[in-house]
Chemist: 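Have a look at this one.
Convention: sequence-line order gives letters A, B, ...; per-chain numbering from 1. Here the structure is a predicted model, which means the values were calculated and not measured.
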2 protein chains.
Amino acid sequence: MTNASSGLAVLADPTRRLILERLADGPQAVGELARGLPVSRPAVSQHLQALKSAGLVRDQAVGTRRVYQIDPAGLGAIRAWLDQFWDRAFDSFQAEVESEKKE
Amino acid sequence: MTNASSGLAVLADPTRRLILERLADGPQAVGELARGLPVSRPAVSQHLQALKSAGLVRDQAVGTRRVYQIDPAGLGAIRAWLDQFWDRAFDSFQAEVESEKKE
DNA sequence: ATGATGCGTTAGTCATGACTTACCGTAAGC
DNA sequence: GCTTACGGTAAGTCATGACTAACGCATCAT
């Protein structure tokens, strides 16, 4: 699923954000990622699974290796939610300031 | 702390997002919020505490009630992180597409 | 002063999830 | 064929955190 809810839940974990930051510099295989991270390879695998089902990464088999890269669609959904939320909050924020002025 | 890390961690919880959505329509007191939510009032209090320490809401004492409203600053930090991350990811994504075209 | 309302806090329970170890399947190299 | 690298999966442990019930404190009304 590629909605903001699952995306935000996935972005909550610091290790998962680390993985995304690595992938933001270019595609990488699971082993490469694990070598640069403070957790085991299976842990990375599980995080990648979570990121994938949230639509934040794509994977591609290359021989025996499996290369992951960021999927912009997932990030877009989160940005959209945040932007829509921001607009709404800011509107009511200003409306509140206005109504307080009149008193 | 008002950085993206704490903000994202706080946004991960669905109940907390519900609270924020309510507050996006205007300031509200704790009891009002709790009445419209599927959890107890103490739970709402604790969530508000988490939201407050992440810089996402402000509170204001009004008599015996305590009115909460969204603090735009916290949301801004998260948006900034996401935007910066999105740009970086999209660049390397396009670069990858380009390099694949040439093969 | 007394009662009532509104909230924060504490203690304790329970579920979730992040992690490791061990294992299994698969693709490449000798 | 056999072995070796790579990665997903299963099982089990442990910490975190979301929640409720109970309590205490402050503010307003009578």
Chemist: May I ask you to say whether B:Glu32 pairs ionically with B:Arg65, meaning some side-chain N is under 4.0 Å from a carboxylate O?
Modeler: yes
Chemist: Any base atoms under 4.0 Å from B:Gln46, or only sugar-phosphate, or nothing? Heavy atoms, all strands.
Modeler: base
Chemist: Atom CG of A:Leu33 and atom C1' of D:dC6: how far apart are they, to the nearest Å?
Modeler: 13 Å
Chemist: So does A:Tyr68 get a side-chain nitrogen or oxygen closer than 4.0 Å to the phosphate oxygens (OP1/OP2) of D:dC6?
Modeler: no
Chemist: How many Å lie between CD on B:Gln28 and C1' on C:dG6, as a whole number?
Modeler: 15 Å
Chemist: Kindly indicate whether the side chain of A:Ser5, heavy atoms from C-beta on, has any atom under 4.5 Å from the side chain of A:Trp81.
Modeler: no
Chemist: Figure out the CG/P separation between A:Leu37 and D:dG7, and round it to whole Å.
Modeler: 13 Å
Chemist: Go through C:dT9, C:dG8, C:dC19 for me and flag the one nearest to the B:Gln49 side chain.
Modeler: C:dT9
Chemist: For a quick test of reading the model: is some side-chain N or O of A:Arg66 closer than 4.0 Å to OP1 or OP2 of C:dA27?
Modeler: no
Chemist: Among D:dG7, D:dA18, C:dT21, which nucleotide sits nearest the side chain of A:Pro42?
Modeler: C:dT21
Chemist: Return whichever of B:Val62 or B:Ala9 has its heavy-atom-nearest nucleotide of DNA chain D closer to the 5' end.
Modeler: B:Ala9
Chemist: Go through the N and O atoms of the side chain of A:Arg41 and the base of D:dG8, and report whether any donor-acceptor pair is under 3.5 Å.
Modeler: yes
Chemist: Counting any heavy atom closer than 4.0 Å, what does A:Ala29 reach on the DNA or RNA strands: base, sugar-phosphate only, or nothing?
Modeler: sugar-phosphate
Chemist: So which one's nearest nucleotide on DNA chain C is more toward 5', A:Thr64 or A:Pro38?
Modeler: A:Pro38
Chemist: In terms of hydrophobic clusters joined by side-chain contacts under 4.5 Å, are B:Val67 and B:Leu48 together?
Modeler: no
Chemist: Under the side chain to side chain donor-acceptor pair (under 3.5 Å) test, which residues partner A:Asp91, sequence neighbours left out?
Modeler: none
Chemist: Tell me whether B:Asp71 is salt-bridged to B:Lys52, with the criterion being a basic N under 4.0 Å from an acidic carboxylate O.
Modeler: no
Chemist: I need the CZ-P distance between A:Arg16 and C:dC19, as an integer number of Å.
Modeler: 8 Å
Chemist: For DNA chain D, what are the stems built from at least three Watson-Crick or G-U pairs in a row, each pair having both distances below 3.5 Å?
Modeler: C:1-30 with D:1-30
Chemist: Give me the atom names and distance for the closest heavy-atom approach of B:Arg16 to B:Val10.
Modeler: NE-O, 2.9 Å
Chemist: What is the distance, to the nearest angstrom, from the NZ atom on A:Lys52 to the C1' atom on D:dG8?
Modeler: 10 Å
Chemist: Separation of B:Ile19 atom CD1 from C:dC7 atom C1', in whole Å?
Modeler: 14 Å
Chemist: Between atom CG in B:Asp59 and atom C1' in D:dA26, what is the gap in whole Å?
Modeler: 15 Å
Chemist: Between atom CG in B:Leu48 and atom C1' in D:dG17, what is the gap in whole Å?
Modeler: 16 Å
Chemist: Looking at B:Arg88, I want to see if its CZ is surrounded by more than 12 non-hydrogen atoms of other residues, nucleotides or ligands under 6.0 Å.
Modeler: yes
Chemist: Would one find a side-chain N or O of A:Thr15 under 4.0 angstrom from OP1 or OP2 of C:dC19?
Modeler: yes
Chemist: OP1 or OP2 of D:dC28 less than 4.0 angstrom from a side-chain nitrogen or oxygen of B:Arg65, does that happen here?
Modeler: no
Chemist: Give the nucleotide from the list D:dA18, C:dA18, D:dG7 with an atom nearest to the side chain of A:Asp13.
Modeler: C:dA18
Chemist: By nearest atom, which of the nucleotides D:dG7, C:dC7, D:dA18 is closest to the B:Ser45 side chain?
Modeler: C:dC7
Chemist: Under 4.5 Å between side-chain heavy atoms, hopping through other hydrophobics if needed: is there a path connecting B:Phe90 to A:Ile78?
Modeler: yes
